[in-house]
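Notes follow the structure.
Side chains are part of it too, since the values below use all heavy atoms of this structure and drop only hydrogens, waters and symmetry mates. This is a predicted model, so every value here is computed, not measured. Lettering follows sequence order; numbering is per chain, from 1.
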2 protein chains.
Amino acid sequence: VIDVRNVIKRYGVGDAAIFALNDVSLSIEQGEYVAIMGPSGSGKSTLMNIMGALDNVTAGEYFLDGIDVSSLGENELSIVRGRKIGFIFQSFNLVPRTSALANVELPLAYQGIKLKERRMRALKALDLVGLSDRVNHEPTELSGGQQQRAAVARALVTRPALLLADEPTGALDSKSTEDLLDLFDQINEAGRTVVVITHENDVAARAKRIIRMRDGKIIEDVLNAKK
Amino acid sequence: VIDVRNVIKRYGVGDAAIFALNDVSLSIEQGEYVAIMGPSGSGKSTLMNIMGALDNVTAGEYFLDGIDVSSLGENELSIVRGRKIGFIFQSFNLVPRTSALANVELPLAYQGIKLKERRMRALKALDLVGLSDRVNHEPTELSGGQQQRAAVARALVTRPALLLADEPTGALDSKSTEDLLDLFDQINEAGRTVVVITHENDVAARAKRIIRMRDGKIIEDVLNAKK
Ligand SMILES: Nc1ncnc2c1ncn2[C@@H]1O[C@H](COP(=O)(O)OP(=O)(O)OP(=O)(O)O)[C@@H](O)[C@H]1O
Ligand SMILES: Nc1ncnc2c1ncn2[C@@H]1O[C@H](COP(=O)(O)OP(=O)(O)OP(=O)(O)O)[C@@H](O)[C@H]1O
Ligand SMILES: [Mg+2]
Ligand SMILES: [Mg+2]
């Protein structure tokens, strides 16, 4: 599914250049459950943006399901992303002044799914994350944890084969965290690929493989002994 | 310092009304270190916004250093806030397309502090949170954890008597979290009042008093046995 080969992501040039990713190679098969950990600024979100075809590499190659992503135009990329990948961003990225329901329906609207089906699937996804009583609230009318759960519902509503989640439990209390991780387990057991960036050990403990980064490099890639 | 009396915060009317705070009373003395915990949606951020005079109560009273906040106009409120309170928001609230340095200087500029002193104090605050090498980066050029640390620097730069922090470590790895909590300890030992909202037990463990909320009410208010 994911095949990152010698990828460099650089910002700026010369002495002031910052290497967010510095020669990273990584492959992830369908159905894997992988956690990515590492200090603040080590390149985790940058790697997720590359894996989600949201950002370009400075050097190296990236193949998503065998397709060379650099050979696709923006239109083809957004179709591939919309069909295959669910994103949970570190800063939620909900559309402001738009209800939780409309936010969750959005990815389905892009796929041309009719209103009746969209509405039914979006309500079901919001129920899964415990937000049935807040479906008409806009982002400013939701607490931090509720916004994060709405973002999770939006990522799951298209039933993506690949879920990329960046700190999905950062704003959640322990009960909501447990519920969410149980949901991820179910998704993975159904054969979908899950990649989770986290700095919380109890979140990483659910994954079958743990990757650690530092200064833009992968410094460790091990199977989770507890699994 | 903080004297909340029978405060209600309600959104909407009639059957659809939501009581974010439902008859909350709380007083905090100068120099206290208090943690506020509770499930997602239980009213923690709403309570912080009331304590920071950023939001109005539906019913009840709020006294900040003995002053009835409802008797002040917006101009007087922003002076009181600017002088006395440092805020760390759950969603960072950095000014976009503005460098970390300029973001941290902002509260000092509001107080009319000259550029030379502003610059020196802002650089020192950014150094305290480990961001000396990112002072010219704008929010989109910072990782999630770096943005959170810039927001912490901005809250501390005015040396406020009261620090209100909402999930200040949500996006931080364990080392950055430890460093930040050490900083809060130093601030509290210097006699400043610290109020931290968190769902992480190791963050709450640093406080001397722990308050728990549920459905807009305070259900527990105990001294931290470990302290
Ligand atoms: N503008 C609004 N309109 C309607 N309801 C609102 C509004 N703002 C907040 N709420 C509701 O008030 C309740 C309390 O919200 P608050 O943000 O204080 O929760 P919290 O304890 O900080 O939760 P979290 O841990 O998820 O950040 C929530 O149920 C939320 O949906
Ligand atoms: N547009 C940009 N310009 C310059 N530097 C950038 C830019 N975007 C990111 N960076 C830098 O790249 C590095 C990697 O950032 P990234 O967001 O991937 O970190 P992260 O591992 O996700 O950290 P966190 O745990 O804090 O979220 C950081 O040091 C950051 O400052
Ligand atoms: Mg990140
Ligand atoms: Mg909150």
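- Neither the backbone nor the side chain of Ser45(A) comes within contact range of chain B; no heavy atom of the residue lies under 4.5 Å from a heavy atom of that chain.
- Within residues 3-11 of chain B, no residue has any heavy atom under 4.5 Å from a heavy atom of chain A.
- Of the atoms belonging to Leu142(A), not a single heavy atom falls under 4.5 Å from chain B.
- Heavy atoms of other residues, nucleotides or ligands lying less than 6.0 angstrom from CG of Asn93(A) number more than 12.
- With a 4.5 angstrom heavy-atom cutoff, Gln146(A) touches chain B via backbone and side-chain atoms both.
- In this structure, chain B has heavy atoms under 4.5 Å from both the backbone and the side chain of Ser40(A).
- Within the 4.5 angstrom heavy-atom criterion, only backbone atoms of Thr169(A) (N, CA, C, O) approach chain B.
- Note: Arg134(B) leads Glu141(B), Glu167(B), Arg134(B) in heavy-atom pairs under 4.5 Å with chain A.
- Rounded to the nearest 0.5 Å, atoms CE (Met37(A)) and CG (Asp173(B)) are 9.5 Å apart.
- Of the atoms belonging to Glu200(A), it is side-chain heavy atoms, and not backbone ones, that fall under 4.5 Å from chain B.
- The most heavy-atom pairs under 4.5 Å with chain A, out of Arg149(B), His199(B), Lys175(B), Gln147(B), come from His199(B).
- In Lys217(A), the NZ atom is crowded: over 12 heavy atoms of neighbouring residues, nucleotides or ligands sit closer than 6.0 Å.
- Chain A forms the most heavy-atom pairs under 4.5 Å with one residue out of Ala171(B), Ser174(B), Ser176(B), and that residue is Ala171(B).
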